[in-house]
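What follows is one structure encoded as structure tokens, with my remarks underneath.
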There are 2 protein chains.
Amino acid sequence: MNTQKDNTEEKILAAATDIFMVKGMEGARMQEIADKASINKALLHYYFRSKDKLFDAILTKMLNLAFPQIGKVFFSDLPFLERVEQVIDIYITLLLKHPQLPAFLIKEMNREGSLLFKFIEKQYFAIQPILKEIQNAMDRGEVIQMKPEHLVVNVLGMCVFPFAARPMIKNVVLNGQDDLLNEFLKQRRSEVKEFIIRAIQPQ
Amino acid sequence: MNTQKDNTEEKILAAATDIFMVKGMEGARMQEIADKASINKALLHYYFRSKDKLFDAILTKMLNLAFPQIGKVFFSDLPFLERVEQVIDIYITLLLKHPQLPAFLIKEMNREGSLLFKFIEKQYFAIQPILKEIQNAMDRGEVIQMKPEHLVVNVLGMCVFPFAARPMIKNVVLNGQDDLLNEFLKQRRSEVKEFIIRAIQPQ
DNA sequence: GTCTATATTAGGATAGAC
DNA sequence: GTCTATCCTAATATAGAC
């Protein structure tokens with residue numbers, strides 16, 4: 001049963017997500033969020049007490065969206081190169097749905113006092129098995145030898161960077177046209193896959 | 001001859017650079033900049049009239065540092081693959097000197113009303129010859145065939161991303177240790193080069 | 001050119017009526 | 001639960017003495 005409370009809370013969360021994702025914690029204004037949710041500032045505070053708490057709610061939501069993705073598909077018994085392709089696929093698909101996510105997270109992880117650090121520190125233990133598994137694949141000769149950490153960062157960089165730097169890509173590389181940008185970002189799925197495979201397949 | 005004016009102006013610029021690079025336009029405080037420059041707020045305004053104008057001065061300075069780099073070395077008569085290696089070398093060297101630059105620019109290019117856009121739009125004409133030259137190298141068979149725009153973004157992503165996402169790399173991939181992070185970033189020079197070369201060299 | 005003191009505004013937060 | 005009105009602090013900016 002949907003009370004009015006639930007309904008308003010959802011409106012607030014939706015509005016806050018939109019605003020915070022684009023402007024970040026420091027750029028966002030409570031007034032703007034209230035306007036977008038078609039309520040007033042006082043009601044924002046009634047539901048979330050403070051800007052910090054509201055922001056934390058949004059940040060947590062987006063983090064749970066972004067981070068757990070890798071692990072899911074990675075530990076199957078498919079050949080390693082296919083698993084890499086799947087990871088790239090999943091990530092680009094996620095980013096096409098949330099293009100502002102990379103810039104948002106980069107902004108946030110470089111902001112002092114961000115709650116993001118609490119979250120980030122825990123992830124160390126989550127990624128160790130992945131690095132280990134990459135090393136195993138290398139030892140089996142499924143992939144060329146290199147430092148697993150650098151492979152991870154290379155894949156992440158190629159997937160994430162064009163989204164974080166969309167405004168530059170759009171205006172510098174393409175000709176300022178939104179539809180060209182969208183097309184370009186969609187192409188990343190296959191482009192990154194092919195590029196990575198060429199770089200890491202044996203011989 | 002150095003008047004007191006020059007001296008103070010330099011102190012302000014140095015302090016403002018430090019603060020703005022780390023905190024961005026919205027996170028920085030005039031008081032903090034004044035403190036760092038060992039002067040008071042009023043003097044900041046005496047020299048630069050407003051926070052906006054001061055920020056613009058810093059932004060312009062950093063942009064002129066970051067953007068014109070590529071072109072310089074790119075149009076020599078060296079083999080294409082060697083030129084790519086040189087570009088990577090120059091960029092990673094620049095980033096090791098200014099590790100906060102990527103996050104700063106990503107923050108800024110995603111901020112509405114940023115003066116960065118005026119600058120960014122002009123760069124379209126600067127990069128066209130580079131894309132053309134890449135295409136030529138592909139047609140000559142010096143490199144594998146792909147969309148030049150994606151090659152540029154791949155190189156840029158691998159160079160820039162680990163700097164933009166330093167806090168995450170440090171805590172998630174490495175073990176929260178600053179010296180490990182530094183070592184890792186230095187390794188990027190050779191790692192990126194080798195990775196790119198494997199991905200784009202013919203056959 | 002540099003300071004202290006003050007004005008001004010913006011923005012987060014609360015009180016209190018309904 | 002929702003609103004209007006108001007408070008309070010932080011932050012940019014200016015006035016005016018030295």
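- One atom, CD1 of A/I33, and another, C1' of C/dG11, lie 12 Å apart when rounded to the nearest Å.
- For B/N40 and C/dC3, the shortest distance from a side-chain N or O to OP1 or OP2 is below 4.0 Å.
- For the pair A/I19 and A/R29, the minimum side-chain heavy-atom distance is 4.5 Å or more.
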For residues 163-174 of chain B, tabulate all N or O donor-acceptor pairs below 3.5 Å that involve a side-chain atom, not counting sequence neighbours.
residue: B/R166; atom: NE; partner: B/F163; partner atom: O; Å: 3.4
residue: B/K170; atom: NZ; partner: B/D178; partner atom: OD1; Å: 3.2
residue: B/N171; atom: ND2; partner: B/P167; partner atom: O; Å: 2.9

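- For A/E32, the side chain to side chain donor-acceptor pair (under 3.5 Å) criterion is met by A/K23, not counting sequence neighbours.
- In this pair, A/F55 and A/F20 present their aromatic rings perpendicular. The plane angle is above 60°, beyond the 30 to 60° band.
- With A/I92 as the fixed residue, the side chain to side chain contact (heavy atoms under 4.5 Å, CB included) test singles out one of A/K193, A/E191, A/R188: A/R188.
- Atom OH in A/Y47 sits about 17 Å away from atom P in C/dT14, given to the nearest Å.
- If you measure from atom CG of B/L43 to atom P of C/dC3, you get 6 Å, rounded to the nearest angstrom.
- One atom, CD of B/E9, and another, C1' of C/dG1, lie 12 Å apart when rounded to the nearest Å.
- Rounding to whole angstrom units, CD1 of residue B/I12 and C1' of C/dT2 are separated by 11 Å.
- Residues B/S114 and B/E108 come closest through the heavy atom pair OG-OE2, 2.7 Å.
- Following rounding to the nearest Å, A/F48 (CZ) and D/dT2 (P) show an atom-to-atom distance of 12 Å.
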Mind listing the N/O atom pairs, protein and nucleotides 9-15 of chain D, below 3.5 Å?
residue: D/dA11; atom: OP1; partner: B/R29; partner atom: NE; Å: 2.9
residue: D/dA11; atom: O5'; partner: B/R29; partner atom: NE; Å: 3.3
residue: D/dT12; atom: OP1; partner: B/K51; partner atom: NZ; Å: 3.1
residue: D/dT12; atom: OP2; partner: B/M30; partner atom: N; Å: 3.1
residue: D/dA13; atom: OP2; partner: B/H45; partner atom: NE2; Å: 3.1
residue: D/dA13; atom: OP2; partner: B/K51; partner atom: N; Å: 2.7

